[in-house]
Amino acid sequence: QVQLVESGGGLVQAGGSLRLSCAASGRTFSRYIMGWFRQTPGKEREFVARISWSGGNTYYAESVKGRFTISRDNAKNTAYLQMNSLRAEDTAVYYCAAGGAYSISVNGYDYWGQGTQVTVSS
């Protein structure tokens, strides 16, 4: 069992930066692939980024590639999403997720946080 708690969301101007954190409970954090997803009202939750167990392998959605960076610190049981050059279209609720599959689908993740709102003003 893993419990996830996101933090770091907020209001930022276009072009600005935010860093989201995802704190995990339990001692098995390093066994999970971590992912970040986002969702806007009326739309399906969409994949943003994922990172392997060790952190050595990452993958991004095309829409955020080159602007967002996913990372993790297994000693701190925490995953991060550094978001730079933010755009109005990045506005969403951001969720972190943990799972055993190297997936870009919501179905590949077993545990989810409650989400944190990111609002980018243009």
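In this text, all values refer to a predicted model and were calculated from it rather than measured experimentally. Numbers here are sequence positions counted from 1.
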K.L.:
Can you confirm if the NZ or CZ of Arg67 lies within 45° of the ring axis of Tyr60 and under 6.0 Å from the centre of its six-membered ring?
P.N.:
no

K.L.:
How many angstroms lie between CG in Asn107 and CD1 in Ile104, if you round to the nearest 0.5 Å?
P.N.:
11.5 Å

K.L.:
In Å and rounded to the nearest 0.5 Å, what is the CD1 to CZ distance from Ile70 to Arg50?
P.N.:
10.0 Å

K.L.:
Do the side chains of Leu86 and Leu18 get nearer than 4.5 Å, heavy atoms only?
P.N.:
yes

K.L.:
Go through the structure and list residues passing side-chain contact (heavy atoms from CB on, under 4.5 Å) with Ser71, not counting sequence neighbours.
P.N.:
Tyr80

K.L.:
What's the spacing between Gln117 CD and Gln39 CD if we round to 0.5 Å?
P.N.:
11.0 Å

K.L.:
With a 4.5 Å cut-off on side-chain heavy-atom distances among I, L, V, M, F, W and Y, is there a chain of contacts connecting Tyr111 to Leu20?
P.N.:
yes

K.L.:
Locate the shortest heavy-atom distance separating Ser85 from Ser17; write the atom from each residue and the value.
P.N.:
N-OG, 4.3 Å

K.L.:
Hey, does Arg38 have a side-chain heavy atom less than 4.5 Å from the side chain of Val64?
P.N.:
yes

K.L.:
Identify the two heavy atoms, one from Gly9 and one from Val118, that lie closest to each other, and give their separation to 0.1 Å.
P.N.:
CA-CG2, 4.1 Å

K.L.:
Answer yes or no: are there more than 12 heavy-atom neighbours, outside Tyr59 itself, under 6.0 Å from its atom OH?
P.N.:
no

K.L.:
Taking Glu6 for its side chain and Gly115 for its backbone only, find out whether a donor-acceptor pair lies under 3.5 Å.
P.N.:
yes

K.L.:
What do you reckon, are the aromatic ring centroids of Tyr109 and Tyr32 less than 6.0 Å apart?
P.N.:
no

K.L.:
Within 45 degrees of the ring normal and closer than 6.0 Å to the centroid, is that where the cationic atom of Arg72 sits relative to Trp53?
P.N.:
no

K.L.:
Which atom names give the shortest non-hydrogen contact between Ser122 and Ala88, and what distance separates them?
P.N.:
CB-CB, 4.2 Å

K.L.:
Tell me the closest heavy-atom pair linking Gln114 and Val5, and the distance in Å.
P.N.:
OE1-CA, 3.7 Å

K.L.:
Please say yes or no: joined through hydrophobic side-chain contacts below 4.5 Å, possibly via intermediate residues, are Met34 and Trp112 part of one cluster?
P.N.:
no

K.L.:
Kindly compute the distance separating OG (Ser54) from CD1 (Ile33), expressed to the nearest 0.5 Å.
P.N.:
10.0 Å

K.L.:
Over all heavy atoms of both residues, which pair between Ala49 and Leu81 is shortest? Give the atoms and the distance, please.
P.N.:
CB-CD1, 4.3 Å

K.L.:
How would you list, by chain and number, every residue that makes a ring-ring contact (aromatic ring centres under 6.0 Å, His included) with Phe68, sequence neighbours excluded?
P.N.:
none

K.L.:
What disulfide bond (SG atoms under 2.5 Å apart) pairs are there with at least one residue in residues 74-122, not counting sequence neighbours?
P.N.:
Cys22-Cys96

K.L.:
Does any part of the side chain of Tyr95, heavy atoms only, come nearer than 4.5 Å to the side chain of Arg45, both counted from C-beta?
P.N.:
yes

K.L.:
Please indicate whether Lys65 has more than 12 foreign heavy atoms, meaning atoms of other residues, nucleotides or ligands, lying under 6.0 Å from its NZ.
P.N.:
yes

K.L.:
Kindly state whether the ring of Phe47 and the ring of Phe37 have centres lying under 6.0 angstrom apart.
P.N.:
yes

K.L.:
For Ala98 and Leu4, work out which heavy atoms get closest and say how close.
P.N.:
N-CD1, 3.7 Å

K.L.:
Is Val12 close to Thr119 at the side-chain level, that is, under 4.5 Å between some pair of heavy atoms?
P.N.:
no

K.L.:
Assess, by modelled atom type and distance only, whether the side chains of Thr78 and Asp73 contain a donor and an acceptor separated by less than 3.5 Å.
P.N.:
no

K.L.:
Working to the nearest 0.5 angstrom, can you tell me the gap between Glu46 CD and Ser63 OG?
P.N.:
5.5 Å

K.L.:
Atom NZ of Lys76 and atom CG of Asn74: how far apart are they, to the nearest 0.5 Å?
P.N.:
12.0 Å

K.L.:
Just wondering, are more than 12 heavy atoms of other shown residues or ligands nearer than 6.0 Å to CD in Gln3?
P.N.:
no

K.L.:
So Val120 and Gln13, do their side chains get closer than 4.5 Å, heavy atoms only?
P.N.:
no

